[in-house]
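The chains referred to below are lettered A, B, ... by the order of the sequence lines, with proteins before strands, and numbering in each begins at 1.
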Amino acid sequence: MSTDPFVLEVNGQSHEVADAHPGESLLRVLRERLGLPGSKNACEEGECGSCTVLVDGQTVCSCLVLASTAAGRQITTIEGISGDDGLSHVQEAFVDAGAVQCGFCTPGLIVSIGSLLESDPDPSDLAVREAISGNLCRCTGYGRVLEAVHLAATRRGGST
Amino acid sequence: MTDLATSKRTAAPRIGEDTPRPDGVPKVAGTFAFSSDLHHDRMLWGGTLRSPHPSARIRSVDISAAVAVTGVHAVLTNEDVPGSLTYGLEHRDQPVLAADVVRYEGEPVAIVAADNPEALRMAIDAIAVDYEPLDPLVDPDLAERADPIHPDGNLVRRINLIHGDQDVSGEVQVEGTYEVGMQDQAFLGPESGMAVPAEDGGIDLYVATQWLHSDRDQVADCLGLDPARVRLTLSGVGGAFGAREDLSLHVHLCMLALHTRRPVKMVYSREESFHGHVHRHPARMWFRHHADRDGTIVRVESRLVLDGGAYASSSGAVIANATCFAAGPYRVPSAHIDGAVVRTNNPPCGAMRGFGAVQTCYAHEAQMDRLADALGMDPVELRLHNALAPGDELLTGQTITGTAPVAEVIRTCADHPSGASMAVDPMELPGGAGRTADPEHVVRGEAFALGFKNLLFSEGFDDFSEASCHLADGVATITSACAEVGQGFVTLAQQITCEVLGVDDVVLLPASTDGIGSAGSTSASRQTWMSGGAIQEACGQVRVQLLERLAAEHGVDADDLVVADGRVVSMAGGLEIDLVEATAEPIEASVVFRHAPTLPLDENGQGDAHVSFAFSAHRAIVDVDVELGLVKVVELTTSQDVGRVLNPLQTIGQLEGGAAQGVGLAVMEEVLVEGGRIRNASFTDYLVPTALDMPPVEIAALIEQAEPGAPFGAKGIGEPPSISSTAAVAAAIRNATGLDLPRVPVRPTDIVFPEGAA
C-alpha cells in the first residue's frame, strides 16, 4: 500500500514522491527516497534532534513529521545549508572550533544553530544551551559546540 | 563533496597544533557517509527477531508464515549458520542465533531479508517461536551458587588479588558498600551496515566498528569462510565508546547477503540498539580502608561483584582493571581485593570508556573522603599525602617506571580558581528548563576526585598495530586499519605524517582488512600510541630511505639533509630539491608496532601486567534542590596527565566529552533492568546529558611529561575524563546534602528519601 504521489520542495528543488508508504516519516523519505541522507536517524522519537530540518523556516524533528504533510512547504536540510559558494558560517565554525567529533549529531546541530542565529545573532551561553537542548551530542560535552556558535556569531556579525 | 573536503587546506599540520579534522568538512556538510547512510540499488533490508524473555527454552521456531510474506527473500535461524555457531571477543560463548535457549531479553533468534522495511517488519512478526519461559537469574550476588545458565558456568572470572603483608591493620578504618548502575554508551549512530556478496563466494562487509580485524576473524569463523574471503571496510562511525568492540549485526548481515546473493542493509532502531550491544557493568563493591593517624594508607580490602550479563564479552579484562585499580592512584602497601564478574540473565556487559576503573573510582574516592572525615584531614591533603609517584608499587606489585605526575594533577586541579557564580536565571537551577526549583531549597556542594587507569592492552596480550607509508610525487599515502570512531585519529595520522616526513599532502586510505594487518582495537586509549606509533615509524623509515637515496645521488652526507616545507635541503647549503621531484620514484615502508611486553597476573593478582597509566582529577561544584532531589552540576574543573598534547583542540574535546559521560553516570544515566528486562530502551527514558545539563569544563592543567615509549611522549587521553568525573560529582552532592549516597546514578529519590532515613 502506498500513498498518492505528492511533491516535496527540498532545498529549492521539487521532488515527486511516488511510492511512499502512508506511515513514512519525512526523515525516511529524505534519506531513503530522495538521496538526502545528511539528516540522521538516532532515536526515531524526537528526542535527539539528529534529524532536525527546517520546514517553512521552523526547526522540526523530521522523524516526527509525516512526509506527505510536508507537501507544499519549503524544506531545508543540511544539504541545503552549504550553498554554491561554500560552507555557512556555522559549518565553518564547527570545523575550526573543534565542535565535530563523530559528526552524527552535527547536521542537526547546524540546522538548529543556524535557525537560532537568525533570530538571535549574538546569543548568550544560556540562550545557546537552551536552543540546542533538543540536540543530543554524545562526543563533545557541548563545550566546543558553544565555542563554534560564538565564533559563527562573530564572523556572521563581521560579514554583514 | 570532495571539493569541499579539500578546499580549506592551508599550511601542513604539525604536532602540537590546533589542526582541524580532515573529515570535518564532509561531516558539517552532511555528505560524510555513516554506516546507516549506505545505499545500493539492489539492496534488501535486513532485520532481527529478538527474544522477549530474559531466560527461556525454545521449543520450536516456525518460519513458514514469515517466508510467505510478499517481498521476503530469506528467513534464517540457528540451523542456517554456516560455520561456528558462537562468537565472542575473549570467549566464543555467544550464539550467532539462539538455538534451544535464550539467555537475555533481546537475544537474536532469527533474521530476515526483505524488499522494504514494511515487509521486513511483517515477516519478523510472523515468525512463530514457542518459548518455555524460565525463572531468570538476575541477582549477581546469587550467580555463583545458582544453577549454571551457560555451559561455561556462571563465574566468568575471579581475581583474588593479595598484595603485601596480610596481617597489618590501621588505627583508623572506614568501611563502605557502593553500587554503580548499568550505563549505556548511547552513541548516536545506531548499529548499521551493509554486506555485499562477492564474485569469489566471499563477502564484503561495510560496518561501523572499533576493531576490523577482530570482527573479520570472528565473522569468517561463523561463516565457515577463509578470512581472506571476508573483507571488512570501516563505514562512517557515529560514536563507539566501547559498544562497538563486540560483533552485533555483522554475521547476520553476511548470512543474509550470502543466502540471497543480494546486498543487504541493516539499521538497528534505538530500542534495538539498547539490546544489541554490551553496556557498562553494574557493580556492587565493599571496601575497608586502613590508615595511620597521620593519614598514611596501610591497607585496603575490597570485594567487587560485576554483573557480566548473559555472555562474557570483555568481562575478563574489565574485572582485571576493576581489581588492579580498585584502590585508586595511591600508595597501598597491603591489599586484598576479591574481584569477580559473573554471568546472569541480565543484558550482556562489556567495554565502555573507562573499562572497570569507572566503577571502582566512584567507590575508592568515596572511601577517601570518608577516611579524610574520620581523620579530620582535608580530603585533598589526604590524597596528596598518599599519591602514587614514579618508582612506587601498584597493588599488583608492579613498579611504575613511566611518568606518574599524580601530585601535579591533584595540586593544579585543586588550586584552580572557580569561576562558578550563583545562578541568576531559573533555568540554571536544578530542574533547568522545567523551572521547578525554589532557590530557598537549593544548596551548593563542592568536592574533588582522582582517578587512573592503564593505557593499551594488558596481561600479556600481543598488542600490535600495522601501518604503511607510501611516498610518491610528494604525496604520502598512509594505510592503517585503525577505526576512526570520532576521536580524531584521522587528524593525528595526518599531523604525525607531516611532522615526520615534512610533506604537505597526506592521503589516509579507508580503513579495511584488505591490504594491511590489524591496527588493534580503538579502545583502551591506545590508538594514538599504537597506530600513531606505527605511522610514525613507517614514515621515519621512508624518510631515512629518501635521504639516503638523495645523499648517494648527490654525493652528500644523509645527515646533512632535512625535509621541510615540501623540499629537501642540505643544511650546509647548495642543495635544494623539490619533494615532488625527489619522490618521482616511490618509497614505501611497512611497520608492525608493539608496545613493551606485559605479563599475565599470577594466582594472587600480582605481576607486571600493564604498560602505562594515565591520571586525572576533577573538582565538581553542584547545586542541589533538596526538596525535589534535583541536581545541577554547576562547574567541573579538571587536570589530566597527558604525556604530551598533540592537538590541543582535540585534547579539549576528549576532556569535555568524557566528562559529560561521567556527569551522566553521576546523576541521570542508567539502563533500568527489572527481572532481566530493560525498562527504558529509548532516548525518551534513558537520559543523556543535554547542553543544559552539562556545565562548562574548566581545564586547570594538561600535565605534559613525555611518556617513555609513546610516540612524541603522548599518553592516551580518552578514558580518564570519564573516570574521576562521576566520583567528583557524586561527592559534591554528598558535600551539599550530607547524605551517604552509596549509589550512582544519584536519583532524586536518593536525595529526598535516602536509604536508612526515618
Side-chain angles (χ1 to χ4, degrees), chain A residues 1 21 23 28 31-32 35-48 50 77-82 86-88 90-107 110 125-126 128-146, chain B residues 4 7-8 18 20-21 23-25 27-34 36-37 39 116-118 185-190 236-241 267 269-270 425 427-428 432-433 485-488 649-650 652-653 655-661 663 682-684 688-692 694 696-697:
Chain A
M1 187 175 70
H21 296 268
R28 165 117 172 253
R31 288 178 53 80
E32 304 297 341
L36 295 169
S39 309
K40 299 302 173 203
N41 58 318
C43 79
E44 303 101 18
E45 55 188 22
E47 288 291 340
C48 75
S50 304
T77 71
I78 186 67
E79 289 92 344
I81 299 279
S82 42
L87 300 177
S88 71
V90 178
Q91 287 173 315
E92 276 194 348
F94 259 63
V95 177
D96 294 343
V100 179
Q101 288 189 30
C102 90
F104 206 83
C105 69
T106 304
I110 285 172
D125 266 1
L126 192 60
V128 178
R129 287 184 185 275
E130 186 177 24
I132 64 169
S133 63
N135 293 84
L136 296 179
C137 171
R138 191 55 160 167
C139 296
T140 66
Y142 308 101
R144 297 309 94 197
V145 175
L146 258 74
Chain B
L4 281 173
S7 64
K8 260 190 69 75
D18 270 346
R21 303 177 63 96
D23 60 5
V25 172
K27 282 178 174 176
V28 298
T31 54
F32 182 85
F34 289 92
S36 50
D37 299 336
H39 181 86
N116 57 62
E118 285 70 29
Q185 297 84 350
F187 50 52
L188 283 194
V237 183
F241 316 116
V267 182
S269 69
R270 182 54 53 181
D425 192 301
M427 205 155 52
E428 296 174 287
V485 301
Q487 82 279 32
L649 208 55
Q650 291 194 167
I652 294 169
L655 266 59
E656 290 175 334
Q661 296 182 1
V663 167
S682 75
F683 280 167
T684 304
V688 168
T690 69
L692 277 174
M694 200 40 207
V697 178

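With a threshold of 4.5 angstrom between heavy atoms, A:Tyr142 approaches chain B through side-chain atoms but not through N, CA, C or O. Residue contact with chain B, scored on non-hydrogen atoms closer than 4.5 Å, is absent for A:Ala131. Contact annotation for B:Gln650: neither backbone nor side-chain heavy atoms come within less than 4.5 Å of a heavy atom of chain A. Looking at A:Thr140, only its backbone comes within 4.5 Å of chain B, counting heavy atoms on both sides. No part of B:Ala659 comes within reach of chain A, as not one of its non-hydrogen atoms sits under 4.5 angstrom from that chain. When heavy atoms are compared at a cutoff of 4.5 Å, B:Val697 does not approach chain A at all. Looking at B:Val267, the atoms closer than 4.5 Å to chain A (heavy atoms on both sides) all sit in the side chain, from C-beta outward. For chain B, the nearby parts of A:Asn41 are the backbone and the side chain; heavy atoms of each come within less than 4.5 Å. Using a 4.5 Å cut-off between heavy atoms, B:Ile652 touches chain A through its side chain atoms alone. Residue B:Asn116 touches chain A through its side chain alone, counting heavy-atom pairs closer than 4.5 Å.
Shortest non-hydrogen contact noted between B:Arg21 and A:Gln101 is CZ-O, 3.4 Å. Across B:Leu649 and A:Asp96, no two heavy atoms sit closer than the pair CD2-O, 3.5 Å. Between B:Ser36 and A:Arg31, the shortest heavy-atom distance links the atoms O-NH2, 2.7 Å. Closest approach of B:Ala29 to A:Ser82, counting heavy atoms only: CB-OG, 4.3 Å. Counting all heavy atoms, side chain and backbone alike, B:Met694 lies closest to A:Arg129 at O-NH1, 2.7 Å. Annotation for B:Phe683 and A:Cys48: closest pair CD1-CB, 4.1 Å, computed over non-hydrogen atoms.
Side-chain contact between B:Phe32 and A:Cys102 is absent, with no heavy atoms from C-beta onward closer than 4.5 Å. The closest side-chain heavy-atom distance from A:Arg28 to B:Pro117 is below 4.5 Å.
Of the listed residues (A:Gly143, A:Ser50, A:Ser39), the one with the most heavy-atom contacts under 4.5 Å to chain B is A:Gly143. Options A:Leu136, A:Thr106, A:Ile110 differ in how many heavy-atom pairs under 4.5 Å they form with chain B, and the most are formed by A:Leu136. Between chain A and the options B:Gly236, B:Gly24, B:Ser269, B:Ala240, heavy-atom pairs under 4.5 Å are most frequent for B:Ser269.
Side-chain atoms of A:Lys40 do not come within 3.5 Å of backbone N or O of B:Gly189 as any donor-acceptor pair. No donor-acceptor distance shorter than 3.5 angstrom exists from the side chain of B:Glu656 to the backbone of A:Gly141, with no hydrogens or angles considered. No side-chain donor-acceptor contact under 3.5 Å links A:Arg138 to the backbone of B:Phe187. Checked by atom type and distance alone, the side chain of A:Glu45 never pairs as donor or acceptor with a backbone atom of B:Ser682 at under 3.5 Å.
Between A:Gln91 atom CD and B:Lys27 atom NZ the span is 15.0 Å, to the nearest 0.5 Å.
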**OP:** Output, in order, the C-alpha distance, side-chain angles, deciding distance and verdict of side-chain contact (heavy atoms from CB on, under 4.5 Å) for A:Leu126 and B:Leu692.
**Re:** CA-CA 8 Å; A:Leu126 192 60; B:Leu692 277 174; 4.1 Å; yes

Original post:
Hey, mind stepping through A:Glu44 and B:Arg270 against salt bridge (Lys or Arg N to Asp or Glu O under 4.0 Å) and telling me if it holds?
Top reply: CA-CA 7 Å; A:Glu44 303 101 18; B:Arg270 182 54 53 181; over 6 Å; no

